Amino acid sequence: MSTTADRVSAPPQPVRVPAPARWSVLELLPPLAVVLLGTVLLLPGHGLWFDELFTAEVGRRSYAEILAAIVEGRGTTSYLADVPPSYNAPWYFVVHTWVLLPGVGGDTSLRVLSLLATAGGLALVTRAVTRLTSRPAGVLAGVVPAASPLVLEQAVEARPYGLAVLATGGALLGLVRWLQGSPRGLLLFGLAGAGMGLAHWYTATVLAAFVVAALLLRGLRAWPVVLIGAAAVLPVVGLIGVNLLNGTGARNAEHLRDTEGALADLAVEAWAGGLRPLLFLTVGLAVLGALRGAGARVVGTCWVLVPLGLLLLAEQVRPVYLPRYLLAGLLGLGVLAAVGALTLPRAARAPVAGLLVVCSLVASSPLAEREPRERADDVVALLAERHRAGEPIVAADQRSATGLDHYVRTAAPQLRPDVVLPPDDAPTTAERVWLVRRVIRGEVVSTDDDGILLDAGLRVVDELAFDAAKTDLLVQVWER
């Protein structure tokens, strides 16, 4: 029997859209799974690293201060003067709103915000895929990303990728509702679509993928989706314009990698956490989903191919690749693989679906034992124990200053009178100076403070290393 959605669909590509499934408690499994796994990753309580510390620093400012820094292209403190919060600017407004809540504002709470947003996004993806296909496919399409190493890694960091997942899930659900005859789905699609690009610029490529899917499924009848999609992309275009005008448009370009045409291969490898069996299983099942996934194959295929295609084109102009930047697009790969698993013969569905989830968990398992990315919290704990009043504590560089400033403020305020932050130089009159500095690939980063202290007759008498996965810090004790 044909459904209402079948009767209103039009060529060029007919598609059978099932009747909307009623909500079930089983659909809570994906968000609960990502919250549980994320909690396990958060339990070690590692300190924040530079990007997260930047979030904490900017997020504690007022709305007016954040807006002024964004528009003027300047930092919010002396040592971040050349690092404005222009990238992912809306994230900082969200964080400020979050820290205004009673009992919120600590390091872990900033990470919990990202984790909750990820859980909400996966709940929306689950609901959308359930409406498109079936409840088993919807639940599996939520559980597979919940176990993904790329998703989990970003879900527990105080950065905006959780919001990108949330907005992507909202836009997908809005599109599905519209496909099934609900005009109100366009409102959700538009609002969430605007949020996608504002959460992270690259996520706008997924919005484009959803528009392409609507065109393939409904032809000219998809003109409302095209118009709403075009309107939804305007906020991120405006944000990019602000960054170009304030001179910060290409600030992060040095962190991006030129893949020389291998972007798609590297992206899939990042999704699989480098685990080859998971990579081959995911790609194989995604191909099945694209060929046989009734109800979801068009949306899923566009979700994967359109962002990758757009980024491959952009790479001809400049490097664009960083695994986490592709997170929203790679969600489609996990969804398509989940749908593909349920196109297999009935006897094989449960074992293959289980294998897909287990392999994802195996790929994610190293995250549970990962080292801290930065140990500024340990540095401040050491200083609180050994430092004596009147001895200057000097941050020699930007990263050292960010961590030192944050943890002195939150954990050891008694040290504040002796803290010296850039651009101020080390004082020359003290008998003992504590110098906190960065080490890159085993080499101590040279600064002006070295010459100043040497000229003042001080020498290094002790060094304490705080190695970490992302930023290595060194505490030096200088004495006359």
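Just so it is clear, the values below take in all heavy atoms, side chains as well, and ignore hydrogens, waters and symmetry mates. What you see is a predicted model; the values in this text were computed from it and never measured.
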With a 4.5 Å heavy-atom cut-off, do [X] and [Y] have their side chains touching?
| X | Y | answer |
| --- | --- | --- |
| Leu278 | Ser360 | yes |
| Arg257 | Pro319 | no |
| Val433 | Ile393 | no |
| Trp91 | Leu113 | yes |

Under 4.0 Å between a side-chain nitrogen and a carboxylate oxygen: does that hold for [X] and [Y]?
| X | Y | answer |
| --- | --- | --- |
| Glu431 | Arg459 | no |
| Glu157 | Arg111 | no |
| Glu315 | Arg318 | no |
| Asp462 | Arg432 | no |
| Glu52 | Arg159 | no |
| Arg441 | Glu443 | no |

I'd like to know if the side chain of [X] and the backbone of [Y] have a donor-acceptor N/O pair within less than 3.5 Å.
| X | Y | result |
| --- | --- | --- |
| Gln398 | Tyr79 | yes |
| Glu65 | Ser62 | yes |
| His406 | Leu53 | no |
| Thr282 | Leu279 | no |

Tell me the closest heavy-atom pair linking [X] and [Y], and the distance in Å.
| X | Y | answer |
| --- | --- | --- |
| Leu453 | Ala426 | CD2-CB, 3.8 Å |
| Leu239 | Pro90 | CD2-CD, 4.1 Å |
| Pro85 | Val58 | CB-CG1, 3.8 Å |
| Asp107 | Tyr407 | OD2-OH, 2.7 Å |
| Asp418 | Arg388 | OD2-O, 4.2 Å |
| Cys359 | Leu275 | O-CD2, 3.5 Å |

Q | Phe54 ring center near Tyr92 ring center (under 6.0 Å) | A |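 Between Tyr92 and Phe54, which both carry aromatic rings, the centre distance is below 6.0 Å.
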Going by atom types only, do [X] and [Y] share a side-chain donor-acceptor pair under 3.5 Å?
| X | Y | value |
| --- | --- | --- |
| Glu269 | Trp271 | no |
| Trp434 | Glu391 | yes |
| Tyr63 | Thr97 | yes |

(Q) Here's a test for you: under side chain to side chain contact (heavy atoms under 4.5 Å, CB included), which of Arg370, Arg375, Glu371 qualifies with Arg373? (A)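 It is Arg370; the other options fail the test.
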Q: Let me know which of Val445, Val436, Leu435, Thr447 forms a side chain to side chain contact (heavy atoms under 4.5 Å, CB included) with Ser400.
A: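 Considering Val445, Val436, Leu435, Thr447, a side chain to side chain contact (heavy atoms under 4.5 Å, CB included) with Ser400 is found only for Val436.
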**Q.** Parallel, tilted or perpendicular: rings of Tyr202 and Tyr325 (30°, 60°)
**A.**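 The arrangement is perpendicular - the two ring planes meet at more than 60°.
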Donor-acceptor contacts under 3.5 Å from residues 467-474 side chains, at least two apart:
unit_1	atom_1	unit_2	atom_2	d
Thr471	OG1	Glu374	OE1	3.2
Thr471	OG1	Arg399	NH1	3.0
Asp472	OD1	Ala468	N	2.8

